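The structure appears right after this line, and notes come after that.
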Amino acid sequence: MTHLWIRAEQRDHEERVGVTPEGVAALIQAGLQVTMEHSSVRAVPDEAYRDTGCAWAPENSWPDAPRDAIVFGLKELPEDGSPLIHRHIMFGHAYKGQPAGRELLKRFKAGGGTLLDLEYLVDESGRRVAAFGYWAGYAGAAVALRCWAAQQSGQLCPEVSTHASATAMLEDLQATLTQTGSARPTAIVIGALGRVGSGASDLCTQMGVPVTKWDMAETASGGPFPEVLAHDIFLNCILARPGTPVFVPASAKTAARRLSVIGDIACDPTSDFSPIKVYDRTTTWTQPALRVHDTPCLDVTAIDNLPSMLPVESSEDYAEQLLPSLLALSDLSQGVWGRAQAEFERHIGEV
């Protein structure tokens, strides 16, 4: 019997979960064994899972799970260097040359475990079967607007937090923008036709922010792209990969520009393929903005777990997309799991 062990998240500000109570019940009905770790932070509380029929385990006890269990979580594991013996379903951020990702792969190689990376669960056409993208774009645009609002009074963006709902986020952001006393900024979204870009564009529209929507057709020339510098806010929603053009070169810091905020929602600054060359590290919930130039001002926000700001909506949306794949876990050699396994084997061979 396939045993799915749903671990509690251990990263700060991470309240999401990849399967809802309804999903757990469906998995058990399909014949899977499901163990749920207790969690003190999960947005969907333990009580909601009580009647699903799942087994329970202490919070963060996954290292002691049976060796044949498939451990399922969303974000990173603690970086303690320990060998990883299980099969792990998670976002590994390990296949694009990231230094931390290479260390993660070394841990899998040392322990004999396997990474089934959620980012690489794709269908026959190569399209991801489940993604948090829409809510990443939505929250990322909100943070970028907060950065712009703070600049209007000569400040850096203050600490950000979770919101009980998207409606609550919108009301709070609307008040913040109104308090600036300024006209709404202009924004340009690159990757506007994708899930991430759609979320970013929708948030801007709901806030009354004029938004220019670009996608592959507008960036096919390979650059340079002076139009980016002509907007107040640039929202990057393009996943870094080989061949991605540079949207913001290092020279943009000192160039004549209107641009004052970059929201790198794709958030892959340590990748060799990053299209934004003015910064080299992610930002955090406590320090959302990184000032990369003073005069004229230029701030970058690049938070890598943006959907966590709306943990309930993003969890429900993602879990619905992912459930059909979880129901197919009994055969890891086929379909999305077979492709994820092949991706892992290709990269682990380079470690």
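Quick caveat, the model's predicted, so the values are computed rather than measured.
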Look at the rings of His93 and Phe91 and say which category their plane angle falls in: under 30° parallel, 30 to 60° tilted, over 60° perpendicular.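 His93 vs Phe91 ring planes: parallel.
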
Could you label the plane-to-plane angle of the Phe108 and His88 rings as parallel, tilted or perpendicular, counting under 30° as parallel and over 60° as perpendicular?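 Perpendicular: the ring planes of Phe108 and His88 meet at over 60°.
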
Would you kindly confirm whether Val129 and Leu74 end up in one hydrophobic cluster when ILVMFWY residues are joined by side chain heavy atoms under 4.5 Å apart?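 Yes; tracing contacts between hydrophobic side chains, which count when under 4.5 Å, links both residues.
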
Pairs under 3.5 angstrom only: tabulate donor-acceptor contacts from the side chains of residues 342-351 to other protein residues two or more places apart or in another chain.
residue	atom	partner	partner atom	Å
Glu343	OE2	Arg346	NH2	2.7
Glu343	OE2	His347	NE2	3.1
Glu345	OE2	Gln341	NE2	2.8

Which heavy-atom pair separates Glu218 from Phe225 by the least distance, and what is that distance?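 So the two residues come closest at O-CE2, 3.8 Å.
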
Anything under 3.5 Å between a donor and an acceptor, one on a side chain of residues 183-201, the other on a protein residue two or more places apart or in another chain? List them.
residue	atom	partner	partner atom	Å
Arg184	NE	Met207	O	2.9
Arg184	NH2	Gln174	OE1	2.4
Thr186	OG1	Asp232	N	3.1
Thr186	OG1	Asp232	OD2	3.1
Arg195	NH2	Arg128	O	3.1
Ser198	OG	Gly194	O	2.7
Ser201	OG	Gly197	O	2.9

Side chains of residues 236-251: which donor-acceptor pairs under 3.5 Å do they make with residues two or more places apart or in other chains?
residue	atom	partner	partner atom	Å
Asn236	OD1	Ile238	N	3.4
Asn236	ND2	Asp264	OD1	2.8
Thr244	OG1	Arg241	N	3.2
Thr244	OG1	Arg241	O	2.8

According to salt bridge (Lys or Arg N to Asp or Glu O under 4.0 Å), who are the partners of Asp46, at least two apart in sequence or on a separate chain?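 In terms of salt bridge (Lys or Arg N to Asp or Glu O under 4.0 Å), with neighbours along the sequence ignored, Asp46 is linked to Arg42.
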
Quick one: salt bridge (Lys or Arg N to Asp or Glu O under 4.0 Å) partners of Glu171, sequence neighbours excluded?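 Here no residue qualifies.
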
Has Arg87 got a side-chain atom pairing as donor or acceptor with Asp68's backbone, closer than 3.5 angstrom?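 Checked: pair present.
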
If you look only at pairs with a residue in residues 323-334, which of them pass as a side-chain hydrogen bond (donor to acceptor under 3.5 Å, both in side chains), with sequence neighbours excluded?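 Qualifying pairs: Asp331-Ser333.
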
One pair to check against salt bridge (Lys or Arg N to Asp or Glu O under 4.0 Å): Arg146 and Asp172. What are the steps and the verdict? CA-CA 10 Å; Arg146 289 188 181 282; Asp172 186 50; 2.5 Å; yes

